[in-house]
Every structure is written in C-alpha cells, then in structure tokens.
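Below, read A as the first sequence line, B as the second, and so on, with proteins coming before strands; counting in each chain starts at 1.
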Protein chains: 2
Amino acid sequence: MMAKKPAELAKAIRTPLTVDDGIDFPMIELFFFAYRDFTSDPDQLLAAYGFGRAHHRVVHFVNRIPGLTVAELLDVLKITKQSLARVLKQLIETGYVVQIQGLRDRRQRELYPTDKGRDLALALAAPQSRRIANALTRLDTQDRETVETFLRSMVDPDLRVQIEQLPGGAGNVQDRAIAEPEATR
Amino acid sequence: MMAKKPAELAKAIRTPLTVDDGIDFPMIELFFFAYRDFTSDPDQLLAAYGFGRAHHRVVHFVNRIPGLTVAELLDVLKITKQSLARVLKQLIETGYVVQIQGLRDRRQRELYPTDKGRDLALALAAPQSRRIANALTRLDTQDRETVETFLRSMVDPDLRVQIEQLPGGAGNVQDRAIAEPEATR
DNA sequence: AATTTATGTCAACAAGGCTGACATAAATTT
DNA sequence: AAATTTATGTCAGCCTTGTTGACATAAATT
C-alpha cells in the first residue's frame, strides 16, 4: 500500500483523447495556438514601452472609438473598474490618452488618444494585421468572408452588438467588403 | 502654463482609426472577441474546481499527449518551469494527473491523466467544441478547411510542428478530414 | 570520475485580474 | 429644494499566473 507514490494509487490513462471522443480537438488547439502567436506580435513592442496587454487593449479601443466613456470601455473589455483604473492612469500620465469632460453629461470622462497614442495603436496593430494578411493569402478572396463569419459566430450573440458598433463594422460584412471610406465620422 | 490638466496639454484626436489606415481592424477585433468568449466557456467550470486557465492547459495537453515529459510540456505551453510547477503540483496532489518515472530515461517524469483528469478534460473541452460546431453550422461543409487553413497560417511557422504532433493532426487536414482512427499510438 | 541533463524547489517579484468600501460631483427624481 | 441615483475615482487588500536566479538531486553521458 505505501501511500508515498500517488502514481501508484490512481491509475494512469495511457491513451490520448481524440476526435473520436466527440470533441473537436484540432480546432480547439488551432484556435489556441493561433491566438497565442497573434498576441505575441505586439508583446515585444509593449515591453519596450513598459506596457502590458492591458494597456494594448485600452489604447486600441480608445483609438477605434474616440470619445468613448469609462463605463463603455469597461463594458467592451469586460474587466472591473479597478483593473482599468490602473492602466488607464498610466496611459494618461504618460500622455497616450486624454480625458475630456462630457458635454451632455459632465460626469462622464470621454477618452481620446493623443498623437502619441495614435502612433502606438498603429504600431501595435501593424504586425497583427500583417499576420492576418499573410494568412489570408493562402485563401481565395471570397474565403475571407468565411473566416469572418466563423469568427463572428464564435462571439456570444448578445455581445455581437459591440462588434457592430465599431467603425468599419466587422459585424457587417457587406458594409466593409468594399472598404470604402464611409461616413463613419 | 499650469500643468494640471494633461487633457489641455496634448491634443485629443477625435477621428477613429479605420481600415483606411491600412490595418485590418475588423479581423483583429473579431479574433479578439471570438477568443475572449471561447475561453470564457470553461472559466465557470474551472472556478468550481478551484482551478484557473493554467490548470486547464496542463490537463488538456496531458490528456492529448499522455506520457509527455515535463520538458515537453514546458515547450508546448511556452512558460517557465516555476509557473508549471505550481499548477502541476496541485493537479497531482488532487489526483487529476500522475507522474510515472520514464523507462528509457529514469530522470524523466511522464505525465498521465487519471480517470478524474480525463473527465475534467472532457468537461472543459465540451462547451468549446459545441461553440465551434455551432459556428461551423453557418458555413458550407468544405469551409471548415478554409477556417483550419487560416488558423494554421496564423501560427508561427516554426511552431506548427507542435500542432502536427497532436493526435488527430490539426496540422494535417487530409489526415483528419475522414476522422478515421489512425495508428497514432 | 567529471560533466551534463531532467526535474524539483525555494525565495522573491510583477502584472493584472478581483472585491468591497467609500468619496465626489453631476444628473435625475421626488 | 431635497433626496436619490449615476459616473467616476480611489484606497486597501487578495489571488493567479507569469517572471528570474539559485541551488539540490538523481540519472545519464562523456
């Protein structure tokens, strides 16, 4: 009996889980590895600035939706006020983001990027966009829509409104397919 | 000059970044939101077990590649020994994973799931697999290959070997398309 | 016999999640 | 006008999970 080696107590399963177990493991793993490398692109850049992924997300959405309020940003990021406060404070102090008191509602703080903030957002997005463009070159042109449809369907239905609100409307293939400068401003 | 209000110092940019800036923002954001919700599926389950995402990843790969060594697991997860040690210790103590001394090389510890560990891996993978299956229903059958090709191309080329080694070979569309139980063991 | 390798462990640190409580100013309701 | 609600900020403290560097041990290799 000797309870010393737990390896002897509970028996080891030596066969791998596979698709035969009714789970789409290949797709689960592809998604995992793809996202891991996708996020690794901006990581080196961020480290140079002394920022982390949390800063990245804030800078990104402030540039994509200039003037959004703190509450709106919390809703997009799905984090708590305190978590946001830390990184937002740093971004404001270092001059990447500015707050402007709301006109209609003066309790609100509208968030805007500065020139520095815009440059950073572009620099962070560039390698990710390149990676995507490269991946799409292995596909037919109309396959882009397939990938978009897939990814959009992976998002919780009640959260897809967030996507549709973004300029360029990733939630709206038809709108953006032509890539014409719309009246988004 | 009163340096009190940084909002007044650096000017706010009021126009959003769009695809016109040469960046594929729609795809970047779709990927972000899709992955966010994809990982939220197992999170509730994990919380019930008192585990985190780190435990999830370990349990997953130990079930997919039973008998892999600590060094191999570190290589797949791309984390440090110490980070792995913490969660691995917990998983072993609570009986989800067992270690067996290597036969060829007795320094190595081969990692295997227990029955508990296998059940957990399946329970965690189920909602993710369901989400994927649901997303694929909106596509034609041959579009699955398009999505797989896209995701595989998003992975760093030198890291794609990791995918190809997994049973069911997500890196090998032809092999897995038929979903036949091959001589993978 | 000496060295290298695989693993474990300890101490310490940092980022970025979380909660709960409390403060303030502005808007809204009564 | 007074009371309440809302948007935001802030403080204290906790947890997970990533990091580094140092050191120990046993087994394999040279």
List for me each residue that meets side-chain contact (heavy atoms from CB on, under 4.5 Å) alongside A:Asp75, sequence neighbours excluded, and say none if there are none.
-> A:Lys78, A:Gln162
Restricting both atoms to N or O, compile the protein contacts to nucleotides 27-30 of chain C shorter than 3.5 Å, with distance only.
unit_1 : atom_1 : unit_2   : atom_2 : d
C:dA27 : OP1    : A:Arg106 : N      : 3.3

Paired and unpaired positions of DNA chain D as dot-bracket, Watson-Crick or G-U wobble under 3.5 Å, | denoting a partner strand | ||||||||||||||||||||||||||||||
Here the distance between atom P of C:dA15 and atom CG of A:Leu46, to the nearest Å, is 13 Å
Given atom CG of B:Asp43 and atom P of C:dC18, what is their separation to the nearest angstrom?
-> 11 Å
Rounding to a whole Å, what distance do you find between A:Leu91:CG and C:dG16:P?
-> 10 Å
For A:Gly168 against B:Pro26, the heavy-atom pair lying closest together = O-CG, 4.4 Å
How would you list, by chain and number, every residue that makes a salt bridge (charged side-chain N to carboxylate O under 4.0 Å, His left out) with B:Arg107, sequence neighbours excluded?
-> B:Asp105
For A:Leu111 and D:dG9, give me the distance from atom CG to atom P, rounded to whole Å.
-> 8 Å
Using 4.0 Å as the upper bound for N to carboxylate O, is an ion pair formed by B:Glu148 and B:Arg152?
-> yes
Gap between atoms CD1 and P, on B:Ile100 and C:dT7 respectively (whole Å) | 14 Å
Scan residues 36-56 of chain B for pairs that pass salt bridge (Lys or Arg N to Asp or Glu O under 4.0 Å), counting only residues two or more places apart or in two chains.
-> B:Asp41-B:Arg131, B:Asp43-B:Arg53
For B:Ser83, check side-chain hydrogen bond (donor to acceptor under 3.5 Å, both in side chains) against everything at least two apart and list the hits.
-> B:Thr80
Would you tabulate the pairs of protein nitrogen or oxygen atoms and nucleotide nitrogen or oxygen atoms of nucleotides 13-21 of chain D closer than 3.5 angstrom?
unit_1 : atom_1 : unit_2  : atom_2 : d
D:dT17 : OP1    : B:Arg53 : N      : 2.9
D:dT17 : OP1    : B:Ala54 : N      : 3.4
D:dG18 : OP1    : B:Arg57 : NH2    : 2.4
D:dG18 : N7     : B:Arg86 : NH2    : 2.3
D:dG18 : O6     : B:Arg86 : NH1    : 3.0
D:dG18 : O6     : B:Arg86 : NH2    : 3.4
D:dT19 : OP2    : B:Thr80 : N      : 2.6
D:dT19 : OP2    : B:Thr80 : OG1    : 2.8
D:dT19 : OP2    : B:Ser83 : OG     : 3.4

Which donor-acceptor pairs under 3.5 Å do the side chains of residues 121-128 of chain A make with protein atoms, sequence neighbours left out?
unit_1   : atom_1 : unit_2  : atom_2 : d
A:Gln128 : NE2    : A:Phe38 : O      : 3.0

Kindly state each residue pair satisfying ring pair (Phe, Tyr, Trp, His ring centres under 6.0 Å) with at least one member in residues 145-166 of chain A, sequence neighbours excluded.
-> none
Gap between atoms NZ and C1', on B:Lys89 and C:dG8 respectively (whole Å) | 9 Å
Considering residues at least two apart in sequence or located in another chain, which fulfil the side-chain hydrogen bond (donor to acceptor under 3.5 Å, both in side chains) criterion with B:Arg118?
-> B:Asn63
A:Gln99 vs D:dG9: side-chain N/O to OP1/OP2 distance below 4.0 Å = yes
Contacts of type side-chain contact (heavy atoms from CB on, under 4.5 Å), residue A:Asp140, not counting sequence neighbours = A:Gln142, A:Asp143
Would you kindly compare B:Ala71 and A:Gln101 by the position of their nearest DNA chain C nucleotide and give the one closer to the 5′ end?
-> B:Ala71
Listed partners of B:Phe51 passing side-chain contact (heavy atoms from CB on, under 4.5 Å), at least two apart = B:Leu46, B:Tyr49, B:His55, B:Leu91, B:Thr94, B:Tyr96, B:Leu120
When rounded to whole Å, the CZ to C1' distance for the pair A:Arg109 and D:dG9 reads 8 Å
